[in-house]
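Heads up: numbering here begins at 1 and tracks the sequence.
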Amino acid sequence: MRSGRCLSFAVLAVMVLALVSWAGSAHAAVTLKQKVGEKQFTLKIYGFSQFEARSGDGQSDEGGLFFQAQRVRVGFNYFHGNISGKLFLDFNQSHTKDEAGLPKMIKDAFVAYRFSNAAFIRLGMIKTPVGMKFTIPGWNMDIVERNKLDKGLVLERDFGLMLSGRLIGQPADSKLKVNGLEMGHERWGYGFGYDIGVFNPAGRSAAVKWDKDVIGDALAYAARIHYDHGRPLHFEMSYGVSEQAGGPDTEDYKVFDVGVNSFLVDGRLHLNAEYIKGQNILGVDGFDQECITVTAAWMFTPQVEGVVRHYAASVTRDDDPAIPDTDLGNTYIGINFYLSPLKPDHRTLQNHRIQVDYILTSGDDDGAWTGKWGYQDSGWVVQWQYKF
């Protein structure tokens with residue numbers, strides 16, 4: 001066992017040194033334009049992939065080294081006047097499982113119409129507006145993954161209708177505007193924003209059971225309000241419900257989320273904090289779980305960033321007096337290498353990136369955790385991402 005772990009750390013060191021030495025160049029999405037009538041339509045083609053090496057008792061039963069892909073995605077954004085649409089595919093997801101109404105490989109598939117910055121409407125498969133970190137794009141995250149201690153509580157993507165607005169009350173001389181595809185706070189600006197949606201039962205959520213028997217009898221609802229004051233301040237609060245979350249005649253799943261995100265010191269210091277609570281997980285009355293997440297990241301150079309993120313989760317098991325309430329902590333200590341150098345105040349062109357994370361556990365991490373998800377043993381991950 002000891003020799004196997006030594007080999008794993010040796011492989012980790014070789015990978016990091018080799019990959020950091022191969023500095024790639026930045027690439028942009030492919031943009032196609034064609035005139036149709038009096039207006040021009042634009043089609044943007046883009047994608048990214050993330051390939052990983054993992055090891056440790058928290059990563060597999062044997063704790064040894066293995067390799068995998070996390071995301072293998074390609075997307076298409078369409079714009080024609082006030083009409084827009086998005087199709088986003090992940091070839092590392094199931095092509096047959098259809099939770100929420102479409103195969104899981106179809107991450108986003110919707111059409112949008114923009115009336116103004118303050119009102120645009122969308123229909124299709126889209127991220128529901130609950131969870132601040134959940135709506136950050138998968139290629140733009142501080143650590144290698146979305147830990148399910150909080151991601152498991154969101155309503156995830158769902159098929160439905162959503163009305164949104166952004167940049168409400170921004171300075172009169174501002175030229176910022178929305179394109180109709182915004183799902184979270186990836187577009188920084190000024191002013192208020194909102195999202196209000198009605199969806200199928202949230203079958204892609206880990207906190208909801210996908211049961212086609214409730215289709216037509218149950219729905220999911222979600223709403224969010226947020227405020228931006230440029231990059232120094234983003235604040236949001238959201239609430240969602242998925243009816244009959246465990247199947248016919250079970251309890252509704254309810255989730256509340258609040259978060260704040262900030263870039264300071266000319267963008268070199270990134271801080272965020274988020275609280276999320278889910279009630280009646282899988283439709284079980286009294287099975288409630290919550291999580292507080294705190295992140296601090298510092299850009300040492302335009303190519304090197306250090307990150308610490310801590311998840312503090314707790315569960316209340318009023319559904320069964322014999323099951324105790326417990327706590328679990330997961331802490332990521334990481335370093336990010338941006339092979340296409342970034343300016344310290346610019347974090348959006350993360351086209352070639354190596355992330356190295358070590359995950360520590362705390363609390364009831366000895367098998368006593370009575371909640372869902374999370375790591376109960378330590379481990380490490382190296383992820384290499386390319387994006388175009």
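Between the Asp357 side chain and the Val144 main chain, a donor and an acceptor come within less than 3.5 Å of each other. Thr370 places a side-chain N or O within donor-acceptor distance of the main-chain N or O of Pro324, the cut-off being under 3.5 Å. Listed for the Asp319 side chain is no donor-acceptor partner under 3.5 Å among the backbone atoms of Val284. Under the 3.5 Å distance criterion, the side-chain polar atoms of Arg73 are left unmatched by any main-chain donor or acceptor of Gly138. Tyr253 places a side-chain N or O within donor-acceptor distance of the main-chain N or O of Leu153, the cut-off being under 3.5 Å. Asn330 contributes a side-chain N or O that, together with a main-chain N or O of Tyr375, makes up a donor-acceptor pair within less than 3.5 Å.
The residues Arg268 and Asp266 are annotated as not salt-bridged, no charged nitrogen and carboxylate oxygen being separated by less than 4.0 angstrom. Using a 4.0 Å cut-off between charged side-chain N and carboxylate O, Lys151 and Glu156 make a salt bridge. Lys127 and Asp108 are not joined by a salt bridge, as no carboxylate oxygen comes within less than 4.0 angstrom of a charged side-chain nitrogen. The pair Asp90-Lys107 does not count as a salt bridge, with every side-chain nitrogen at least 4.0 angstrom from each carboxylate oxygen.
Close placement of the His234 and His226 rings is indicated, their centers lying within 6.0 Å of each other. Taking the six-membered ring for Trp and the full ring otherwise, the centers of Phe79 and Phe41 sit at least 6.0 Å from each other. Side-chain rings of Tyr194 and Phe192 stay apart, their centers remaining 6.0 Å or farther from each other.
For the residue pair Asp365 and Gln376, no side-chain donor N or O sits within less than 3.5 Å of a side-chain acceptor on the partner. A donor-acceptor pair shorter than 3.5 Å cannot be found between the side chains of Thr293 and Glu274. In this model, a donor atom of one side chain and an acceptor atom of the other lie less than 3.5 Å apart for Gln244 and Asp217. Side-chain polar atoms of Tyr239 and Asp257 form no donor-acceptor pair below 3.5 angstrom.
Atoms CZ and CD, on Phe51 and Gln68 in that order, are 11.5 Å from each other to the nearest 0.5 Å. To the nearest 0.5 Å, atoms CG (Asp142) and CG (Asn272) are separated by 6.5 Å. If you take OG on Ser164 and CZ on Arg166, they are separated by 5.0 Å, rounding to the nearest 0.5 Å. Annotation: the span from Arg309 atom CZ to Ile143 atom CD1 amounts to 4.5 Å, rounded to 0.5 Å. Rounding to the nearest 0.5 angstrom, the gap separating the CD atom in Gln383 from the OG atom in Ser49 is 10.5 Å. Interatomic distance, CG of Asp228 versus NE2 of His185, reported as 8.0 Å (0.5 Å rounding).
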message = For a ring-ring contact (aromatic ring centres under 6.0 Å, His included) check, start with the C-alpha distance between Phe76 and Tyr78, then their side-chain angles and the critical distance, and finish with the verdict.
response = CA-CA 7 Å; Phe76 308 86; Tyr78 171 84; over 10 Å; no
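For the pair Phe159 and Leu102, the minimum side-chain heavy-atom distance is below 4.5 Å.
For NZ of Lys209, the number of neighbouring non-hydrogen atoms (other residues, nucleotides, ligands) closer than 6.0 Å is 12 at most.
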